[in-house]
Amino acid sequence: MSVVRSLEVEGSDLETPTWVTSYQGLPRTVNVRRCRLTVVAGADTGKTIELGLPQIQIGRAGADLNLTDTKVSGLHCELKLMPEGYRLRDLGSTNGTYVKGVRIVDAFIQPGSTIQIGKSAIIFEPLDEAIAMPLWNEARLQQLVGGSAGMRHLFDLVNRFAQSDATVLIQAETGCGKELVADAIHQCSPRRDQPFIVLDCSAIPEQLFEAQLFGYETGAFTGAIKSTPGVFEMAHGGTLFLDEIGELPLDVQAKLLRAVETRRVRRLGGTKMFASDVRIVAATNRDLAAEVNRGTFRSDLYYRLAVAKLSIPALRERREDIPLLVEHFLRQLSVSSGNPDPRLPDDFLARAQRHQWPGNVRELRNAVERAVLLPNHPQAAFEAPPKKEQGFATIDIDVPFKQAKQKLVDEFDRRYLEALLEAHDGNISAAARAAGIERMSIYKMIRRLGLDKDEENTNRPPTADPEGDEEATGHDR
């Protein structure tokens, strides 16, 4: 098993939170500076902790530094140690996070800064000592591909976490490959020969969540014509992967927590209790700590799921992996298409290194496939389409005021919705979160504006909700 060790950093620059140690040109360890947090005001004055973690949470419960200050939220703020510096981020707290009297939403802070939350003040001090975190010794793990230090550190954590039955929470942007990470945990675990069951919580109608999770008996509801097991029963002895766990309604979250705690489930409409020996792996592209503070995700379920946490780096944060991934996808295309030598435009890799990849590895895989299929139109592979000119609609004073106003409102709604859906690949859940509105509101706008009919004519389903991460750093699901 890998060992995390401490080391003294001679002549270190305290403004460098993390760095990679290499040997013969290959990264060997990721080094994370130890930090001291000292409470200097508030109910917990005098409390001190020293941690060597890439992320440090401060709050009232379930954090790395827990305070008794009632003005502090459950998970109040987070310090993230990055190569660029120390990033302080408020987690949607009730009373805010301040440095030098300035309210911080997301900002880099200096060593020695005093963080003010609630009635408490905390001095943040980086130390000379660092923690050396080992890296996986290969650029692959199961179906995952990545030679960067961030990915090889992830591979090492996946392998370590797999040896226990602890629940794991995977957090990453859409398209990073959360399902492949969950599958790697399963394949590296003692449960590898048992079922690996996937439930995509973003694709289930709200009224069917319980039926999918726990199963149902004949006659439990209209359409229940035969007894059907839920995913907890199906995964018995193996691993249950709950993708996009943040989409679960609050009432279902409470029932899920009970099932996870008791390892027993009862089908809808039934009386018999079924044993459910499963290892839970959950994933989300939401910031669940912030959702806890907003009251949209249960704190007790969050703490139960986040026993071990994994974060998958976005593709833009590991551009050195792009050539390796492109080569991998070309091999896949060679097998699936029967073309022994699929080729890309000569400038593909150069342009790929400049692209921001908002869709992450999924977008890269699609770009490779399009570039192979459309070699004469390489720009169509992944360049963002030019933004449409946002001119103001013509006002017709011969039309009654209310009618003219509604026409302008409808035109704005149409343009905004089209741009929103285009930016999120037609993903309703992601679009709703970005716009700060409910999913049903988007569905209603689509129907009201006739966009569903427009999409039928263009063969592009606007209400598709492809939240699953079938492309990660390697193969499909």
Side-chain angles (χ1 to χ4, degrees), residues 1-40 47-59 63-66 75 77-89 91 97 99 104 106-115 122-139 141 146-161 163 166 168 171-172 289 306-314 317-321:
M1 180 174 289
S2 304
V3 177
V4 177
R5 60 186 178 87
S6 298
L7 66 153
E8 292 295 326
V9 186
E10 297 182 2
S12 61
D13 179 0
L14 294 181
E15 294 188 0
T16 304
T18 68
W19 63 95
V20 176
T21 300
S22 300
Y23 177 71
Q24 294 184 345
L26 297 175
R28 296 293 296 270
T29 62
V30 172
N31 304 289
V32 178
R33 188 177 300 281
R34 288 182 67 87
C35 297
R36 179 188 296 129
L37 299 175
T38 305
V39 183
V40 294
K47 185 173 184 177
T48 299
I49 63 167
E50 292 185 7
L51 298 168
L53 298 173
Q55 293 183 359
I56 302 171
Q57 289 185 337
I58 306 172
D64 300 300
L65 173 59
N66 291 311
L75 293 169
C77 62
E78 177 182 78
L79 266 168
K80 189 172 184 180
L81 278 64
M82 306 174 66
E84 302 89 343
Y86 303 95
R87 184 176 178 179
L88 177 63
R89 187 168 64 92
L91 297 175
T97 301
V99 173
I104 300 296
D106 191 341
F108 287 96
I109 63 174
Q110 292 296 317
S113 295
T114 299
I115 303 167
I122 304 154
I123 294 179
F124 159 66
E125 299 174 284
L127 305 175
D128 284 334
E129 187 182 3
I131 300 296
M133 299 182 173
L135 305 181
W136 192 245
N137 56 7
E138 297 179 30
L141 177 66
S148 62
M151 287 303 292
R152 289 175 55 197
H153 177 50
L154 174 70
F155 296 168
D156 183 79
L157 291 176
V158 164
N159 186 60
R160 275 196 278 160
F161 291 169
Q163 308 313 312
V168 178
Q171 294 188 276
V307 174
K309 290 186 286 188
L310 291 173
S311 180
I312 308 174
E317 297 172 358
R318 52 186 186 99
R319 294 179 184 276
E320 62 267 42
D321 285 341

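For reference, positions follow the sequence shown, starting with 1.
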Report summary line: Looking only at heavy atoms, the pair that brings Ala139 and Gly147 closest together is CB-CA, 3.8 Å
Report summary line: CH2 (Trp136) and CG (Asn159) are apart, to the nearest 0.5 Å, by 4.0 Å
Report task. Check Gly112 against Ile123 and note the closest heavy-atom contact, atom names and distance. Result -> O-CG2, 4.3 Å
Report task. Starting from the C-alpha separation in whole Å, work towards a yes-or-no answer on salt bridge (charged side-chain N to carboxylate O under 4.0 Å, His left out) for Asp156 and Arg152. Result -> CA-CA 6 Å; Asp156 183 79; Arg152 289 175 55 197; over 6 Å; no
Report task. Begin from the C-alpha positions of Arg33 and Trp19 and carry the test side chain to side chain contact (heavy atoms under 4.5 Å, CB included) through to its verdict. Result -> CA-CA 9 Å; Arg33 188 177 300 281; Trp19 63 95; 3.6 Å; yes
Query raised in the report: Roughly how far, to the nearest 0.5 Å, is the CZ atom of Arg34 from the CD atom of Glu129?
Result: 5.0 Å
Report task. Would you give the length of the straight line joining atom CD1 of Ile49 to atom CZ of Arg36, rounded to the nearest 0.5 angstrom? Result -> 11.5 Å
Query raised in the report: So which heavy atom on Phe155 is nearest to which on Glu138, and how close?
Result: CD1-O, 4.1 Å
Query raised in the report: Which heavy atom in Arg318 sits nearest to a heavy atom in Pro313, and how many Å separate them?
Result: NE-O, 3.5 Å
Query raised in the report: Please walk me through it: do Leu154 and Ile312 pass side chain to side chain contact (heavy atoms under 4.5 Å, CB included)?
Result: CA-CA 7 Å; Leu154 174 70; Ile312 308 174; 4.3 Å; yes
Query raised in the report: Could you state the interatomic distance from NZ (Lys309) to CD (Gln57), rounded to the nearest 0.5 Å?
Result: 4.0 Å
Query raised in the report: Okay, side chain of Asp106, backbone of Arg89: is any donor-acceptor separation there less than 3.5 Å?
Result: no
**Report entry** Any Gln110 side-chain heavy atom under 4.5 Å of Val99 side chain
**Finding:** no
Query raised in the report: Does some side-chain heavy atom of Ile56 sit less than 4.5 Å from a side-chain heavy atom of Leu65?
Result: no
**Report entry** Within-4.5 Å side-chain heavy-atom neighbours: Tyr86 and Cys35
**Finding:** yes
Query raised in the report: Leu91 and Leu75: which non-hydrogen atoms are nearest, and at how many Å?
Result: CB-O, 3.5 Å
Report summary line: Rounding to 0.5 Å, atoms CD (Glu50) and CG (Leu37) come to a distance of 9.5 Å
Query raised in the report: Counting distance only, does the side-chain N/O of Asp321 pair as donor-acceptor with the main-chain N or O of Gly146 below 3.5 Å?
Result: no
Query raised in the report: Rounded to the nearest 0.5 Å, how far does CE of Met82 lie from OG1 of Thr16?
Result: 13.5 Å
Report task. Check Ile109, Leu53, Ile122, Asp64 against Leu79 for a side chain to side chain contact (heavy atoms under 4.5 Å, CB included) and give me the one that passes. Result -> Ile109
**Report entry** Side-chain touch Leu88/Phe108, heavy atoms, less than 4.5 angstrom
**Finding:** no
Report task. Please report the shortest heavy-atom distance between Gly52 and Val32, naming the atom on each side. Result -> C-CG1, 4.2 Å
